[in-house]
Q: 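Below you'll find the structure I mean.
Letters go in sequence order (proteins before strands), and every chain restarts at 1.
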Amino acid sequence: MSNLEIATLFRNVAAVLTIQNANRFRIVAYEKVADSIEKLTSDIKDLWKDGKLREIPGIGDTIASYIDELFKTGKIKHLEAIIKSVSPAFFIFLQIPGIGPKRADFLTSNLKISNPKTALNDLKKAIKSGKISKFAGWGEKSQSELTKSIASFERGHIKENRMPLPFADSIAMQVLEYLKKLPQVKQADVLGSLRRKVPTIGDIDLAVATNEPNVVIKAFVDYPKARKTVDQGEKGATILLFDGRQVDLRVQTPKAYGAMLQYFTGSKLHNIHLREFAIKKGLSLSEHGIKNITGLKIKDLRFKNFNDKSKIYEFNDEVKFYNALGLDWIPPELREDTGEIEAALRQAQGKQQGLPKLVNLNDIKGDLHIHSNYNLEPSHDLGLSTLEELIKQADLLHYEYIGISDHNPSISGHNQLQVVEILKKRREKLEHIFTSRENSVKNRVQIFYMLEIDIDPKGNLAIPDEAFAYIDAAIVSIHSNFKMNKTDMTKRILSGLRHAKAKIFGHPTGRLLGSREGYEADWNQIFDFCKKFNRAVINSWPERLDLPDLLVREAVKKGVKLFIDTDSHEHLQMFNMQYGVSVARRGWAENKDILNTLSYNELEKWMKI
DNA sequence: GCCGTTTTCGGCCCGACTGTTTTCAGTCG
């Protein structure tokens, strides 16, 4: 079972428990664990194999034992019984927007609908025949809303339709630009998962600081690319764009905007944890500010004048909001409830193991995974840009160096001698171009002559030993036979990394967001090897963002060094560095963990270790 | 069912929006 399937199972259990009037905190526990599993960036089965289930927030003894049972026997007896206690149609209705557990139960029982295959049609018939209008609480509006929701569900709109981060980024920027043109908008920001730089985004969340919310909300629902208004109130609105993407807007006054930023950035689990943390101090948090619910003097916090019980204390910026709770400000990328609140507390108290000093885009001094258009008859796609274009772009980005890492010449088309000859020629040609550049001050970018080399299924590299004389270092990657078992794949990778010049493991898990799961490998072993022999990993191609953030965090914990490289095949793609940096930040990486924050001289030394 | 700067027991986030409500329940994020 996949992460999503397991999350759905727990969510369904929570729904059934809801109609059975179970302890509501038990229900919430199932919902929380579903959220938590859904958002994992590695396969829960791998975590189970590694004995790491209990590290997932929301998994305690009971649920860990359920998951153990699931992977050992294929099912969870106790939960299956719960699921079977309701009509199968119940779970169909649950997926309709606007229908929760109570209404789904009401409809299945009162209309006696049980067959999941015909459930939607049965429901539609019941509306048409006027059966539903006889029930108390089901007025005209409810019925017409239900009809619309069923239709939208049938068109597939309910389905999770997550988009890659850069894609969501560009949509959000357009809407923001539109809103910022309004004179009533004092400040406008992208929040939610987009601000936390989650690799795939569901809805786009925006917030605006304004003293005239009505004008802003009206303008928002009138956005030219909006197809329909889903929700609209005094505090915000939700629209659906023509491409089916949902955009949420929340408005707040400028003087209370800090609390809104905090609230709307999430994550949900971070916010719940933060509010629980606050409530133990007698404080209640919301998007409007902080309330002192007891009215007692708060002693151990930086802001001590919180005594008025009837007042909501407002914060114009987010830093003050966190500080008021006795915490240091937490960077959005860390807000996933994986220990960041505790770290912020330790830091505020001047203790060890505070928040990491996260790597910034400005700290990056070069990009080593770039494909040029030099044709060495490669096994995979050629780059589109010339060396000159790449250097110019690197200079624009204020880089000190770039690595030209074309794919190796294809094995099938060449014998070993030819491969050596091709690489020798490439080195000469690139060196010639590099040294004969216009001698202007601008052209100060240095070059590493590299290669991206396939690791074949047996673990061999795709160029002969003699050919390594013509490269400074290599990125080695998997481009074929992704479906090997974990043991063999791990051996293959380690074998590929064994060559002294194989310094970087490229797009390490092989995942393609939304289309291909990564291959299985023993990351403990790989990281240990990398640590011991000075090898490094990472990639920021938007559809890969690979290593995933959870693995980045493990690598960082183990002291493994990382590169953030773009795998650009065209000079403009070098801008994608920001997305790689965001993954590294979500993995708690600091400058010391990232090798391309080193200067050219330092990195050149590292290459030779 | 989870979890721990006060705790292994006894707590558990908070508000917006909607419909059909005269005060609230259900759903959502």
Q: Checking all strands, does A/I59 fall into the base, sugar-phosphate, or nothing category for heavy-atom contacts under 4.0 angstrom?
A: sugar-phosphate
Q: Between A/T108 (side chain only) and A/A89 (backbone N and O only), is there a donor and an acceptor less than 3.5 Å apart?
A: no
Q: Between A/E31 and A/R11, is there a side-chain N and carboxylate O pair less than 4.0 Å apart?
A: no
Q: Starting from the 5' end of DNA chain B, give me the residue, A/I63 or A/D203, whose nearest nucleotide shows up first.
A: A/I63
Q: Please state how far atom CG in A/L345 lies from atom C1' in B/dT5, giving the value in whole angstrom units.
A: 7 Å
Q: Establish, with yes or no, whether the OP1 or OP2 oxygen of B/dG1 is under 4.0 angstrom from a side-chain nitrogen or oxygen of A/Y66.
A: yes
Q: Between B/dA16, B/dT20, B/dC14, spot the one nearest the side chain of A/K141, thanks.
A: B/dT20
Q: Distance-only, no hydrogens or angles: does the A/E340 side chain make a donor-acceptor pair with backbone N or O of A/D337 under 3.5 Å?
A: yes
Q: If you compare every side-chain N and O of A/H288 against the phosphate oxygens of B/dA16 (OP1, OP2), does one of them come in below 4.0 Å?
A: yes
Q: By nearest heavy atom, map A/I56 and A/A237 onto DNA chain B; which one lands nearer the 5' end?
A: A/I56
Q: In whole angstrom, give me the gap between the C1' atoms of B/dT5 and B/dG11.
A: 16 Å
Q: Across the strands shown, which category fits A/K291 at heavy-atom distances under 4.0 angstrom: base, sugar-phosphate, nothing?
A: sugar-phosphate
Q: Using both distances under 3.5 Å as the test, list the Watson-Crick or G-U wobble partner of B/dT8, or none.
A: none
Q: If you measure from the C1' atom in B/dT8 to the same atom in B/dC2, how many Å do you get, rounded?
A: 12 Å
Q: Check this one for me: any side-chain N or O of A/K102 less than 4.0 Å away from OP1 or OP2 of B/dG26?
A: yes
Q: Do the ring centers of A/F135 and A/F106 come within less than 6.0 Å of each other?
A: yes
Q: Determine the Euclidean distance between corresponding P atoms of B/dG26 and B/dT20; express it in Å to zero decimal places.
A: 14 Å
Q: Taking OP1 and OP2 of B/dT18, is either one under 4.0 Å from a side-chain nitrogen or oxygen of A/S142?
A: no
Q: Within the 4.0 Å heavy-atom criterion, would you say A/N23 contacts the bases, only the backbone, or no part of the nucleic acid?
A: base
Q: When you check the side-chain N and O atoms of A/R335 and A/S267, is any donor under 3.5 Å from an acceptor?
A: no
Q: Report the nucleotide, chosen from B/dA16, B/dG26, B/dC13, that has the shortest atom-to-atom distance to any side-chain atom of A/I279.
A: B/dC13
Q: For the side chain of A/R54, counting heavy atoms from C-beta on, which of B/dG1, B/dC13, B/dC3 is nearest?
A: B/dC3
Q: To the nearest Å, give me how far apart NZ (A/K280) and C1' (B/dC2) are.
A: 11 Å
Q: Do A/L47 and A/D43 pass the side chain to side chain contact (heavy atoms under 4.5 Å, CB included) test, and can you show the C-alpha distance, the side-chain angles, and the key distance before you say yes or no?
A: CA-CA 7 Å; A/L47 297 171; A/D43 195 346; over 6 Å; no
Q: Indicate whether OP1 or OP2 belonging to B/dG1 is found under 4.0 Å from a side-chain N or O atom of A/T62.
A: no
Q: Counting heavy atoms not belonging to A/Q174, are there more than 12 under 6.0 Å from its CD?
A: yes
Q: What's the closest nucleotide to the A/D248 side chain, out of B/dC13, B/dG29, B/dT6?
A: B/dG29
Q: Below 4.0 angstrom from OP1 or OP2 of B/dG1, is there any side-chain N or O of A/R26?
A: yes
Q: When the C1' atoms of B/dG10 and B/dT6 are considered, how many whole Å apart are they?
A: 12 Å
Q: Roughly how far apart, to the nearest Å, are B/dC3 and B/dC13 at atom C1'?
A: 15 Å
Q: Just to be sure I understand the rule, does A/E140 reach a base, reach only the sugar-phosphate, or reach nothing, if contact means heavy atoms closer than 4.0 Å?
A: sugar-phosphate
Q: Describe the nucleic acid contact of A/G192 in one word from base, sugar-phosphate, nothing, applying a heavy-atom distance below 4.0 Å.
A: nothing
Q: Give the nucleotide from the list B/dC2, B/dC12, B/dG29 with an atom nearest to the side chain of A/Y263.
A: B/dG29
Q: Rounded to whole angstroms, how far apart are CG on A/D105 and C1' on B/dT27?
A: 15 Å
Q: Which is true for A/E234 with a 4.0 Å heavy-atom rule: it touches a base, it touches only sugar-phosphate, or it touches nothing?
A: sugar-phosphate
Q: Expressed in whole Å, how much space separates the C1' atoms belonging to B/dC9 and B/dC14?
A: 25 Å
Q: Base, sugar-phosphate, or nothing for A/I99, non-hydrogen atoms under 4.0 angstrom?
A: sugar-phosphate
